[in-house]
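Report on the following structure.
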Amino acid sequence: MPKITYVTSDGTRVDTEVENGYSVMEGAINNNIDGIVAECGGACACATCHSYIDEAWLAKMPEMDDMEDSMLDAAYDRRDNAPVGFRL
């Protein structure tokens, strides 16, 4: 299982494992990570679960698709390292 370190908005680090096939958002919800709202349930319709990826990992991430890019235009505090819907 992939290991993920979630860092909440207050700086708390939570290390956990997420099953293959689950999104990072689903992993956060399944592990009760504070701050992940996911109001649309992962349908890529609200951007409340967008996350910031450490710069060292960005090159290893899948390219952002057009739907994700469009959704992030409405996100609070959008940054270049904030993809939404990638799966493990």
Side-chain angles (χ1 to χ4, degrees):
M1 275 191 260
K3 294 180 182 180
I4 298 177
T5 300
Y6 293 94
V7 182
T8 65
S9 59
D10 69 1
T12 301
R13 298 174 67 88
V14 180
D15 296 315
T16 189
E17 292 184 348
V18 176
E19 290 185 52
N20 287 329
Y22 282 84
S23 69
V24 173
M25 179 276 301
E26 291 166 328
I29 297 298
N30 293 344
N31 287 286
N32 301 312
I33 305 298
D34 286 336
I36 304 296
V37 180
E39 289 179 352
C40 69
C44 200
C46 70
T48 61
C49 66
H50 76 278
S51 39
Y52 304 109
I53 306 302
D54 187 289
E55 298 288 335
W57 287 91
L58 282 178
K60 299 175 183 181
M61 302 302 298
E63 189 171 329
M64 184 182 310
D65 65 27
D66 290 340
M67 185 169 140
E68 183 177 8
D69 187 41
S70 177
M71 180 52 53
L72 284 171
D73 283 339
Y76 173 75
D77 195 22
R78 181 177 181 170
R79 302 177 196 171
D80 290 338
N81 64 333
V84 173
F86 47 87
R87 292 200 169 270
L88 303 173

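Keep in mind that what you see is a predicted model, and the values were worked out from it rather than measured. Count residues from 1 along the sequence.
Residues Asn30 and Val18 fail the side-chain proximity criterion, which asks for heavy atoms closer than 4.5 Å. Side-chain contact between Met25 and Ile36 is present, with heavy atoms from C-beta onward closer than 4.5 Å.
In this structure, Asp54 contributes its side chain and Ala56 its backbone to a donor-acceptor pair below 3.5 Å. Side-chain atoms of Tyr6 come within 3.5 Å of backbone N or O of Ala28 as a donor-acceptor pair.
With hydrophobic clusters built from ILVMFWY side chains whose heavy atoms lie under 4.5 angstrom apart, Ile4 shares a cluster with Val14.
Judged purely by distance below 3.5 Å, without hydrogens or angles, the side chains of Thr8 and Asp34 never pair a donor atom with an acceptor atom.
Residue-environment remark: CG (Asp66) stays at or below the threshold of 12 foreign heavy atoms within 6.0 Å.
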